[in-house]
Structures are given as C-alpha cells and as structure tokens.
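First comes the structure, then the notes that go with it.
Chain identifiers are assigned alphabetically (A, B, ...) following the order of the sequence lines, protein sequences preceding nucleic acid strands; residue numbering begins at 1 within each chain.
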There are 2 protein chains.
Amino acid sequence: MRSKPLAVTIQDVARAAGVSVTTASRVLNNKDDVAPATYEKVRRVMQELNYTASLAAKSMRSHTAKVIGLLVPEVVEVYNQEIIKGVGAAIRDSGYDLMIYTGGRPAGASWELEHVALLSNGLTAGCIVVTPAAPRFPNGVKVVVIDPQGDGSTVPSVIARNRVGALAAMEYLIGLGHRRIGFIGGRANTLSGIRRFEGYKDGLTAAKIAFDPTLVVAGDYTYERGVVAARQLLRQEQRPTAIFAANDRSAIAVLDVARELGLQVPTDVSVVGFDNVPEAAEATPRLTTVDQSIREMGRIATNLMLGWLRGETPDTPFVKVATRLIVRDSCQAPARGKTDGRWQ
Amino acid sequence: MRSKPLAVTIQDVARAAGVSVTTASRVLNNKDDVAPATYEKVRRVMQELNYTASLAAKSMRSHTAKVIGLLVPEVVEVYNQEIIKGVGAAIRDSGYDLMIYTGGRPAGASWELEHVALLSNGLTAGCIVVTPAAPRFPNGVKVVVIDPQGDGSTVPSVIARNRVGALAAMEYLIGLGHRRIGFIGGRANTLSGIRRFEGYKDGLTAAKIAFDPTLVVAGDYTYERGVVAARQLLRQEQRPTAIFAANDRSAIAVLDVARELGLQVPTDVSVVGFDNVPEAAEATPRLTTVDQSIREMGRIATNLMLGWLRGETPDTPFVKVATRLIVRDSCQAPARGKTDGRWQ
DNA sequence: TTGTATGCGTTATCAC
DNA sequence: GTGATAACGCATACAA
C-alpha cells in the first residue's frame with residue numbers, strides 16, 4: 001500500500017509488464033527500437049491500467065510539449081472570447097493542444113510575466129499573450145502578443161490599425177456635420193488606447209477643429225468606467241453632438257446612459273464604438289463601430305506561433321490587421337441648432 | 001555555461017542570494033520560520049531575477065495546485081463558450097486559477113480520460129469535464145461533469161432537465177395543432193440526447209399521436225449533420241408541419257435548409273430548438289427554443305468543485321438545472337390542409 | 001533489444 | 001533558522 005496511490009505511473013506499468021521503465025518509456029513514445037512482442041505487451045498493460053503520462057513530469061524533463069498556451073486576463077469578456085475563438089479555430093489539426101490560462105484573482109501588475117514563466121517552464125511550446133502590461137518577456141521563451149503595450153515590444157505582435165480605424169470613425173462623424181465630438185479613452189497603457197486617441201485628434205486636426213480637453217474623458221475599456229465617462233460628457237452644459245468611444249463596451253455604456261438621461265440616439269447624440277463585438281450589432285440602436293476582427297487577430301497570432309515553432313523566423317514581427325468602419329444606426333447628422341452653424 | 005539557460009530556477013535564486021534552495025523554497029512559500037532579513041534578501045533576488053516557480057516541477061512534487069482544470073472538446077462552439085463564461089465568472093476571486101484545456105486534434109474515444117489524467121497529475125486540484133464519453137474516471141481525482149453520458153455516472157454531475165424541457169416544446173407544438181412533428185436527435189451517447197428524445201416521445205404519447213420512425217432522424221449536435229437531417233425530413237412526400245431539433249445548431253440548420261427548399265418558417269414549417277444559445281435569438285426568424293442556461297451549468301459545476309475542494313462532500317451529486325421554453329417567432333399553427341383534420 | 005543511472009525544479013524530512 | 005538530501009514521474013546517454 002503506497003502512501004499516495006493517486007495516479008498510475010510509468011513505474012506501475014513497467015512492473016506490471018515485467019519490463020524496465022526505460023522500455024515502458026520507449027513504448028510510450030513510440031520509439032522504433034523495441035521488440036514487437038514487448039511493445040504489444042506494454043501497450044496492453046497501459047490500456048488495462050488506464051495509464052496516462054504525467055504532463056508535469058513529462059514536460060519538466062523534456063522542455064517541450066505539443067501545447068500552445070494562451071494567456072488572457074479573464075474569459076468572460078466578449079473581446080477575449082473572440083480571441084479564444086480565433087485561436088481555437090487556427091490551432092485545429094495543427095497537432096498542438098491549446099491551454100488557456102486565466103487567473104482567478106484580479107490581474108496584478110506583472111500578471112502576464114509570472115504566468116508566461118509558469119507555462120513556459122516546459123508546459124507549453126509557446127505562449128500567446130493578450131494585452132500584456134509587461135513590455136518584454138524572459139528570453140528563450142516563445143511569446144506572441146496580441147495588442148501590445150507599446151511599439152517597443154521586442155516580441156512578435158499582432159495589432160489592429162487602430163489609428164486608421166479611429167480616423168475613419170472621426171471622418172465619418174465630421175462628414176455628417178459633427179463638430180463637437182466627445183471621446184472616451186481606452187486603457188492608457190495599451191498601444192490600442194494610445195493609437196485610437198491619436199486617430200481622434202488627427203480627425204480633429206484634419207477638419208481644423210480645435211481640440212477641446214473637456215470633451216475627452218479617460219476610460220479603461222470597461223462598461224462601468226464607460227458609464228461614468230458617458231455621464232460626465234452628456235451632462236455637460238453644452239454637450240457633444242457625438243461621442244466616439246474607444247471600444248464597444250464603452251460605447252454601449254453611452255447608449256445606456258443616454259437612455260437614462262432621456263436622450264435619443266442618434267437624434268440627440270450620435271455614438272461610434274470600436275471593436276465590433278457581437279453585442280454591437282444587437283444594441284439598440286445597432287451600434288456603428290470600427291471593426292477590428294478580433295477573431296482574425298487570434299488566428300494570425302496562432303499562425304505566427306505555429307510557424308515559429310516550425311522553425312520559421314517571424315520575419316514580420318509586427319503584423320497589422322486592417323480595421324474598417326461598420327455603419328449601422330447609431331449616427332446621424334446633428335440637429336441643426338446644436339452645431340456651430342457649419343454644415344458639411 | 002549551462003546547456004539550456006531557459007528559465008531561472010530556484011537554484012539560481014538560492015545561489016544569488018547566498019542561501020540554500022531549501023531556504024529559497026521556504027521564502028517562496030511564505031513559511032514563517034525564516035529570518036526577516038533572509039526573507040527580504042531572497043524576495044529581492046527573486047524580483048531582480050524575475051523568478052517564477054515552475055508549475056510543472058511544483059505540482060509534480062506536491063500533488064496539488066490552486067488551479068481548476070476545464071476540459072472542453074473544443075472552444076469554438078457557442079455551447080462551450082457559454083460554459084467557459086459560466087465557469088470563468090464563478091471562479092473569480094475564489095483563489096483558484098482556471099486552466100482550460102482543449103485538444104487540437106479531433107476528440108478521440110477516450111479523450112477526456114486521457115486529459116483528465118494529464119491535468120490531474122498535480123497540475124490541477126480538480127477538473128470540470130464537458131460532455132465526456134467516458135463514464136467513469138480514475139479514483140482519487142476530483143472530477144465534476146457537465147452533461148454526462150449516462151446516469152450511471154459516479155462523479156458529481158450537472159445536467160439540465162432535458163426530458164422536461166423537450167416535453168414542454170412538444171406540448172407547445174401540439175397545442176398549436178401540429179400532429180406530424182419531425183425530430184432531429186442529439187448525440188446518442190449523451191444523456192442529454194437520450195432525454196430529449198424521451199421528451200419527444202412522451203409528448204407524442206400524451207397527445208395520443210402514434211410514433212412514426214420516418215419522422216425521426218439521428219443527429220449529433222453539429223450543424224453539418226443538422227443540414228443532412230433537415231433535408232431528409234423536409235424532402236419527404238408528406239413532410240412534417242413542425243420540426244423539433246435536439247439542439248439549436250441543428251435547428252438553425254433546419255432554418256437554412258427550409259430557405260434552401262423555398263419553404264417559409266413558420267408558415268410552412270415550424271421549428272423548435274434546444275439550448276438557447278445567443279445565435280438562436282438572432283436567427284431569422286428568431287428561434288423558439290428550450291433554454292437550459294448553459295452558463296448557469298458552468299457556474300454550478302464550478303461551485304460544486306470549489307465546495308468539494310473546501311472539504312465539503314458533494315451531497316447532491318446530480319444537480320439538475322431547470323429548462324424552460326422560450327417562445328419566439330419560428331412556430332405557428334400548421335396550415336389547415338396540412339394537418340389530419342384534428343384541430344387543437 | 002533492453003536495462004542502469006542520472007537529472008529536470010521543487011518540496012518534505014530530517015539533521016545541524 | 002538554516003541546510004543537506006531524498007523523493008516526485010519521466011526521458012535519455014550510456015552500458016550490457
């Protein structure tokens with residue numbers, strides 16, 4: 001009687017089959033230098049004992065496993081779900097398994113850093129990390145990043161053309177006649193947040209509209225923060241005729257706050273989001289937004305990683321994914337009295 | 001020069017801090033019998049070296065980790081996504097991390113069995129398994145099952161009231177006046193598939209409608225199979241006036257096939273699904289279906305597991321989750337000529 | 001073809 | 001308080 005008869009090990013198999021652990025290991029890994037009779041016997045015993053090799057031991061010993069790790073801050077947000085879909089689809093039939101890891105605790109400062117190390121110590125062949133706060137990772141581990149913090153990132157990254165997308169949104173609003181356009185920012189330390197803000201300012205500049213700091217409110221991509229920001233913007237004396245939110249969650253928050261304040265969208269205020277999550281199409285009114293095909297980003301990141309693992313050096317370490325404006329029902333020309341008189 | 005300077009280990013920390021690995025390990029695990037000065041020094045070195053303990057080694061040694069494993073056949077299907085959401089939400093602030101594991105290869109026969117062993121060998125404290133084909137798992141590992149294969153399952157399970165839900169759907173259709181109701185089955189080896197079929201037959205029996213085997217087509221919960229089944233049903237000489245599909249994917253397949261054959265839903269044929277995945281509400285026409293709040297099942301399974309890990313014995317090893325009919329736009333009374341004359 | 005010995009990074013046990 | 005040492009389950013160089 002063992003103290004911990006938890007799982008059946010390769011030792012048990014070897015003993016039951018009357019061979020050494022080495023031979024058992026050989027059979028397990030389908031080496032060719034093992035006698036057919038022995039092979040059969042060991043295989044049978046493995047079946048009978050319901051044996052499976054311990055991933056922990058296995059990957060600790062040989063520093064590699066046919067597993068790709070995906071690190072997400074959490075799994076409930078649609079944004080992350082879309083990434084999971086993209087990665088999940090791309091990994092099919094690649095021969096690799098997928099291990100999605102997410103912390104139960106709120107993500108701390110160097111969350112990704114810790115967990116990349118966690119998974120990289122043999123458990124996975126490489127890691128895909130979503131929106132990491134950490135700029136760089138321990139060398140020697142293969143990391144692909146989705147939506148990195150800064151362009152100083154030293155690892156292969158996938159990022160959307162955020163500035164271009166944001167600019168398109170602004171041009172659309174300005175084309176409709178809006179001059180007083182509010183902005184709800186994204187997470188300030190992410191490249192996506194920075195670039196979208198740049199797009200906002202560029203749009204203003206191109207139309208020769210003065211930048212008004214009172215029309216810009218910081219956000220962090222959460223719904224809750226979006227509500228606060230929307231209230232701040234829509235309760236202003238002379239409220240904006242349009243609001244461009246740095247992501248759909250914030251934009252949907254604007255929709256809800258507008259309803260709460262008795263404002264009609266798009267009659268009283270136009271709203272544009274960013275991301276094109278599924279919810280955007282279901283919102284009331286259907287949300288005009290900038291599509292960045294999150295799922296596609298997951299797919300690309302995965303293929304980048306798979307190629308890397310195949311030995312190809314990632315020659316395009318910074319893949320940019322196109323964005324495009326999806327016009328739906330949440331925008332229209334501002335009411336005449338509300339503009340400063342200029343039309344078109 | 002080491003052969004593989006992959007990651008920084010506890011040995012490196014110990015050396016750099018001028019202590020033994022034992023002490024370093026003590027600091028790592030916050031043992032109390034270590035001098036404050038030593039503690040500080042080691043902590044600092046860990047910071048500097050960016051050290052993180054290897055999950056593999058750690059869990060290999062001490063057969064436990066604050067991680068809950070979730071095994072899903074794949075992550076792209078909405079059904080599984082919903083479960084992930086439920087589990088992800090429930091695990092928050094529980095102190096446990098979540099590790100979702102999914103195979104890149106198509107799920108083989110004893111897929112779950114293998115992978116439960118994989119994760120259970122120290123990597124996780126317990127596993128939640130979705131729709132396993134395997135009836136039982138190695139003892140000693142904590143497993144909670146969502147939608148088990150049979151009621152002979154020896155592990156704590158979460159399952160929807162499938163029979164009741166299916167019966168409700170049938171009563172609704174029969175109440176509308178349908179007599180000739182087709183059925184597209186679910187995966188035959190899952191309890192959910194069996195029970196939904198029972199509900200179908202019970203509905204027939206209660207209304208004294210003879211069971212017609214030509215109206216029943218096997219399915220397996222996939223869209224592709226759903227298309228095949230739907231064609232088979234809708235191309236019949238005397239086609240059914242309504243189709244009850246064992247899940248929404250199949251039901252949506254029916255919708256598409258009907259369109260393809262030039263049939264109007266619900267005018268020419270009524271359709272009811274099962275699951276109430278988000279897509280059901282977006283389908284054209286909006287799909288009437290049986291809600292089984294998949295997300296809720298994930299939540300319950302997680303809480304079951306967390307309680308178990310806390311030491312509580314799962315006294316309700318078979319949790320049943322309510323189902324209810326969600327009436328939307330895909331059903332109506334059959335055209336008069338198509339029924340056998342009986343009305344109501 | 002098969003077995004022996006060793007090490008992977010960590011923790012538990014027992015000394016000091 | 002701290003340190004040496006033996007496991008944990010597996011894979012591999014080397015010996016037989």
Side-chain angles (χ1 to χ4, degrees), chain A residues 2-42 46 49 51-66 117-123 138 140-141, chain B residues 2-42 46 49-67 117-123 138 140-141:
Chain A
R2 316 271 294 280
S3 57
K4 287 194 175 187
L6 267 172
V8 32
T9 79
I10 200 171
Q11 318 236 23
D12 303 325
V13 173
R15 198 176 314 120
V19 298
S20 73
V21 286
T22 312
T23 306
S25 172
R26 283 202 183 91
V27 173
L28 181 62
N29 297 352
N30 288 315
K31 303 280 184 187
D32 46 2
D33 55 349
V34 52
T38 319
Y39 185 92
E40 282 307 324
K41 183 168 54 177
V42 176
M46 284 180 173
L49 266 53
Y51 166 77
T52 310
S54 151
L55 182 64
K58 192 172 193 138
S59 59
M60 183 174 117
R61 174 61 207 181
S62 55
H63 283 273
T64 179
K66 296 284 267 182
L118 194 77
L119 297 188
S120 299
N121 278 323
L123 275 182
V141 306
Chain B
R2 316 270 293 279
S3 58
K4 287 195 175 186
L6 266 173
V8 33
T9 79
I10 201 171
Q11 318 236 24
D12 303 324
V13 173
R15 198 177 313 118
V19 297
S20 74
V21 287
T22 311
T23 305
S25 173
R26 283 202 183 92
V27 173
L28 181 63
N29 296 356
N30 289 313
K31 304 279 184 186
D32 46 3
D33 57 347
V34 52
T38 318
Y39 184 91
E40 282 307 324
K41 183 168 53 180
V42 176
M46 284 180 172
L49 266 54
N50 232 318
Y51 165 78
T52 310
S54 150
L55 183 64
K58 192 171 193 142
S59 59
M60 181 175 118
R61 177 59 218 198
S62 57
H63 284 274
T64 178
K66 295 284 267 184
V67 178
L118 195 76
L119 297 188
S120 298
N121 277 321
L123 275 182
V141 306

Side-chain donor/acceptor pairs under 3.5 Å, residues 18-29 of chain B, sequence neighbours excluded:
residue: S20(B); atom: OG; partner: T22(B); partner atom: N; Å: 3.4
residue: S20(B); atom: OG; partner: T23(B); partner atom: N; Å: 3.2
residue: S20(B); atom: OG; partner: T23(B); partner atom: OG1; Å: 3.3

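OP1 or OP2 of dA11(D) lies within a sub-4.0 Å distance of a side-chain N or O belonging to K58(A). Close to dT2(C), at under 4.0 Å from its OP1 or OP2, lies a side-chain N or O of T38(A).
Here dC10(D) presents its P atom at 15 Å from NZ of K31(A), a figure rounded to the nearest Å. Rounding to whole angstrom units, NZ of residue K41(B) and C1' of dG1(D) are separated by 12 Å. Whole-Å rounding puts the Q11(B) CD to dC8(C) P distance at 7 Å. Put simply, CG on D12(B) is 11 Å from P on dC8(C), counting in whole angstrom units. Between L123(A) atom CG and dG9(D) atom P there is a gap of 17 Å when expressed in whole angstrom units. When the P atom of dA11(D) is taken as reference, atom CZ of R61(A) falls 9 Å away, rounded to whole Å. Atom P of nucleotide dA6(D) and atom CE of M60(B) are separated by 16 Å, given to the nearest angstrom. Between I10(A) atom CD1 and dG9(D) atom P there is a gap of 11 Å when expressed in whole angstrom units.
Legend: residues meeting side chain to side chain donor-acceptor pair (under 3.5 Å) with D33(B), ordered by chain and number and at least two apart, are absent.
Considering only the side chain of Y51(B), dT10(C) comes nearest among dT2(D), dC10(D), dT10(C). For S54(A), the listed nucleotide lying nearest its side chain is dG9(D); candidates were dT2(C), dG9(D), dG9(C). With distances taken from any side-chain atom of T9(A) to the nucleotides dC10(D), dG9(C), dA12(C), the minimum falls on dC10(D).
In plain terms, the two heavy atoms of Y51(A) and V8(A) that are nearest each other are CD1-O, 3.3 Å. Listed here is the closest heavy atom pair of A53(A) and K58(A): CB-NZ, 4.0 Å. Contact detail for T9(B) and D12(B): the closest heavy-atom pair is N-OD2, 2.8 Å. A pairwise comparison of heavy atoms in A17(B) and K41(B) identifies O-CE, 3.4 Å as the closest pair. Across all non-hydrogen atoms, the minimal contact from Y39(B) to N30(B) is OH-OD1, 2.6 Å.
Of all the residues in residues 20-28 of chain B, S20(B), T22(B), T23(B), R26(B) reach under 4.0 Å from DNA chain D with at least one non-hydrogen atom.
Put simply, the side chain of V42(A) does not reach to within 4.5 Å of the side chain of V34(A), judged on heavy atoms.
Atom-to-atom distance recorded for T52(A):OG1 and M46(A):CE is 9.5 Å, nearest 0.5 angstrom.
Rounded to 10°, the angle separating the first-five-pair axis and the last-five-pair axis of the helix from dT1(C)-dA16(D) to dC16(C)-dG1(D) equals 40°.
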